Amino acid sequence: MLDLKYLRNHFDEAKTALSRRSSEAAAALEGIWQLDERRRAAQQEVDTLKNERNLVSKEVGQLKAKGGDASEKIGEMKKVGDQIASLDQMLREVEEALEKKALFIPNIPHPSTPDGTSAADNKQVRQYGEPLKYHFKPKTHWDLGTQLGILDFERAAKISGSGFVCHRGLGARLQRALISFMLDLHTQKHGYQEVSPPYLILEKAMVGTGQLPKFAEDMYALRDDPLYLAPTAEVPVTNLYREEILKFEALPLKLCAYTPCFRREAGSAGKDTRGMIRVHQFDKVELVKITRAEDSYDELEKLVVDAEAVLKALELHYRVLLLCAGDMGFSAAKCYDIEVWCPGVDAYLEVSSCSNFESFQARRMSLRYKDAEGKNQTCHTLNGSGTALARLTIALLETHQQADGTVKIPQALRPYMGGLEVIAV
RNA sequence: GGACGGGUGGCAGAGUGGUCGAUCGCGCACGCUUGGAAAGCGUGUUUACCGCAAGGUAACGUGGGUUCGAAUCCCACCCCGUCCGCCA
């Protein structure tokens, strides 16, 4: 959520910056401005009346204590009380309308976020390695995985319909190995604390990180309970500290978590239907940081490096993109995507998205810290995939495949695979 | 799921209709004291909103209600604890 005070004092600036993302978002600011004006006027009015009531009520108490007659004042205050009640009601309605509107406004892009309206405008900032040359035609992961008996799409569909995969045998072991490998890397080498959070999430937590109210159709909701399935560990992990005021010295908090992720992919019907490029359930190790306001951009750079370390260790070729204003997620101010090369599907696939949300999420969840002067400040929050397993698995299988249809396991992963060097039938 | 008990400031814990945003203690910060520290003494120490400010308003789990006035009375819900039932 944007800072309404900032908006009040820097309206044109905010509008210009937001228009880099979308013209609709910028236009919606006008309504916010008007509601904010109405809210302040109503609050001043009702506060004045409440002050009067408090003063007179105090007099009534004193009068009655002395045994005097207070019925006239009581009668007056009854009227004032009715006025207050109806004004309070009005104020509440304005506040609700304001909040509702404000929750739909996306974050303002950081000045270092480039202009642009689509993925074509994203800027590559660096790459690691080169696409490997093969003396045979690289197979797709669905062919490799099915032939090796480690990916079972057909039977997964019997259980859950399309868009699901079942990992079997060494495939299942590979998932477990990757999860352990990544968690160990981030906790032991990068200083993150491991968290294993709940996967079912209350609406207010989903609002806190920005998935709701705007993207309800992308979320799985339970039928009989007011809970959503976590679309990413970002939601439960960032919300751990909702409505807290953290100590200055405690920051930055660096957390990592493995969770499954559940996504309806409502807007993506028909896209990436083969294999497991886009599935409704996938595993992911997520990195989350909660920082002081002044540190968040340094922490973002380090976060990307931490995510890249996974791909380097697994001997994969990737590139890092800086997303343009129009292609960024709703809550982000600046975002890097890491895309890994997958020779079978002949494409770069996004395995990590590292974002600085600045105070956007923290304000929604009232997450603050005491600064050096002891004043309360809104925290900055960041997160990045470290990394998403479905696509990472695609890259692993397709990159390290051999002419005979077997797949070499990179050195770093072998200890987690019981020393196994090759996945074969 | 059932029964009982409880939710008040960083912690602990008073307060059962009116100068209570809230006693006291601990903790913390600053100052005095000291060679230095401890002790002691003094001052301060929740948050949000409105306002240039003075100041005002709101919040005692959440939401409603009663009242001129609610931390305090009534109703519903949520969370925590204990016991019972069920269960991996």
Side-chain angles (χ1 to χ4, degrees), chain A residues 1-11 32-103 196-208 222 224-228 236 239-251 253 260 293 359-379:
Chain A
M1 194 160 69
L2 302 184
D3 182 354
L4 291 180
K5 271 189 200 154
Y6 172 82
L7 208 58
R8 206 180 296 155
N9 299 319
H10 306 83
F11 187 80
I32 301 271
W33 173 273
Q34 284 171 16
L35 282 166
D36 188 45
E37 292 289 308
R38 278 176 60 194
R39 191 192 107 248
R40 286 157 68 208
Q43 188 181 334
Q44 282 183 35
E45 200 179 341
V46 75
D47 279 0
T48 306
L49 285 173
K50 281 180 177 175
N51 181 228
E52 187 187 347
R53 181 177 68 181
N54 288 345
L55 292 174
V56 175
S57 289
K58 208 167 265 186
E59 287 173 27
V60 169
Q62 284 162 355
L63 255 178
K64 283 196 162 181
K66 288 182 200 151
D69 175 23
S71 52
E72 193 182 319
K73 285 182 192 299
I74 290 177
E76 270 175 50
M77 285 310 102
K78 213 168 191 142
K79 276 186 219 151
V80 173
D82 289 344
Q83 274 183 351
I84 290 174
S86 69
L87 273 172
D88 256 341
Q89 172 67 23
M90 199 262 271
L91 181 60
R92 220 174 6 251
E93 280 164 16
V94 173
E95 274 172 348
E96 261 168 43
L98 179 60
E99 161 118 337
K100 202 175 165 190
K101 255 201 161 68
L103 286 175
S196 180
Y199 308 152
L200 299 181
I201 316 279
L202 290 171
E203 180 181 1
K204 60 183 168 181
M206 297 283 276
V207 170
L222 299 199
D224 294 330
D225 293 285
L227 292 164
Y228 295 83
N239 274 285
L240 280 176
Y241 293 95
R242 199 180 64 229
E243 287 163 46
E244 291 194 31
I245 301 175
L246 303 171
K247 292 207 175 83
F248 187 68
E249 315 80 64
L251 301 178
L253 287 168
S359 56
F360 186 85
Q361 294 181 327
R363 189 167 297 106
R364 287 171 162 247
M365 61 178 87
S366 190
L367 165 55
R368 291 163 294 169
Y369 69 101
K370 295 265 183 215
D371 67 17
E373 279 81 51
K375 279 186 64 181
N376 291 338
Q377 304 289 350
T378 305
C379 291

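Quick note: numbers below take in every heavy atom, side chains included, and nothing from hydrogens, waters or symmetry partners. Here is how names work: the chains are called A, B, and so on, in the same order as the sequence lines, proteins then strands, and each is numbered from 1. Bear in mind the structure is a predicted one, so any value in this text is a computation, not a measurement.
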Here's a test of your reading of the structure: between Ser57(A) and Arg53(A), which maps to the more 5' nucleotide of RNA chain B?
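Counting from the 5' end, the first nearest nucleotide belongs to Ser57(A).
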Closest-nucleotide 5' rank along RNA chain B - winner of Arg40(A) and Ile245(A)
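Going by which nucleotide is closer to the 5' end, it is Ile245(A).
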Does a nitrogen or oxygen in the side chain of [X] sit under 4.0 Å from OP1 or OP2 of [N]?
| X | N | value |
| --- | --- | --- |
| Arg39(A) | C50(B) | yes |
| Asn376(A) | U46(B) | no |
| Arg92(A) | A58(B) | no |
| Asn54(A) | A58(B) | yes |
| Asn51(A) | U57(B) | yes |

NA contact type, [X], heavy-atom cut-off 4.0 Å: base, sugar-phosphate, or nothing?
| X | answer |
| --- | --- |
| Lys50(A) | sugar-phosphate |
| Lys78(A) | sugar-phosphate |
| Gln44(A) | sugar-phosphate |
| Lys5(A) | sugar-phosphate |
| Lys370(A) | sugar-phosphate |

Nearest-Å distance once atom [atom1] is located in both [N] and [M]:
| N | M | atom1 | value |
| --- | --- | --- | --- |
| A53(B) | U67(B) | C1' | 36 Å |
| C50(B) | G2(B) | C1' | 48 Å |
| U66(B) | U72(B) | P | 15 Å |
| U8(B) | U62(B) | C1' | 15 Å |
| A71(B) | G61(B) | P | 10 Å |

For [N], give its Watson-Crick or G-U wobble partner with both distances under 3.5 Å, or none.
| N | result |
| --- | --- |
| A14(B) | none |
| G85(B) | none |
| U45(B) | G27(B) |

When rounded to the nearest 0.5 angstrom, what is the spacing between NZ in Lys78(A) and CZ in Arg53(A)?
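Those atoms lie 13.0 Å apart.
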Between Met77(A) and Val80(A), is any pair of side-chain heavy atoms under 4.5 Å apart?
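Yes - at least one pair of side-chain heavy atoms lies under 4.5 Å apart.
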Does the side chain of Tyr228(A) reach to within under 4.5 Å of the side chain of Leu222(A), using non-hydrogen atoms?
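In short, these two side chains do not touch, never coming nearer than 4.5 Å.
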Val60(A) side chain, from C-beta outward: closest of G18(B), C49(B), U47(B)
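Output: G18(B).
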Got a sec: does the NZ of Lys370(A) have more than 12 other heavy atoms crowding it under 6.0 Å?
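Atom NZ in Lys370(A) is crowded, with more than 12 foreign heavy atoms closer than 6.0 Å.
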Can you confirm whether Arg40(A) is buried at CZ, in the sense that more than 12 heavy atoms of other residues, nucleotides or ligands lie under 6.0 Å from that atom?
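Yes - once you tally the heavy atoms of other residues, nucleotides and ligands closer than 6.0 Å, there are more than 12.
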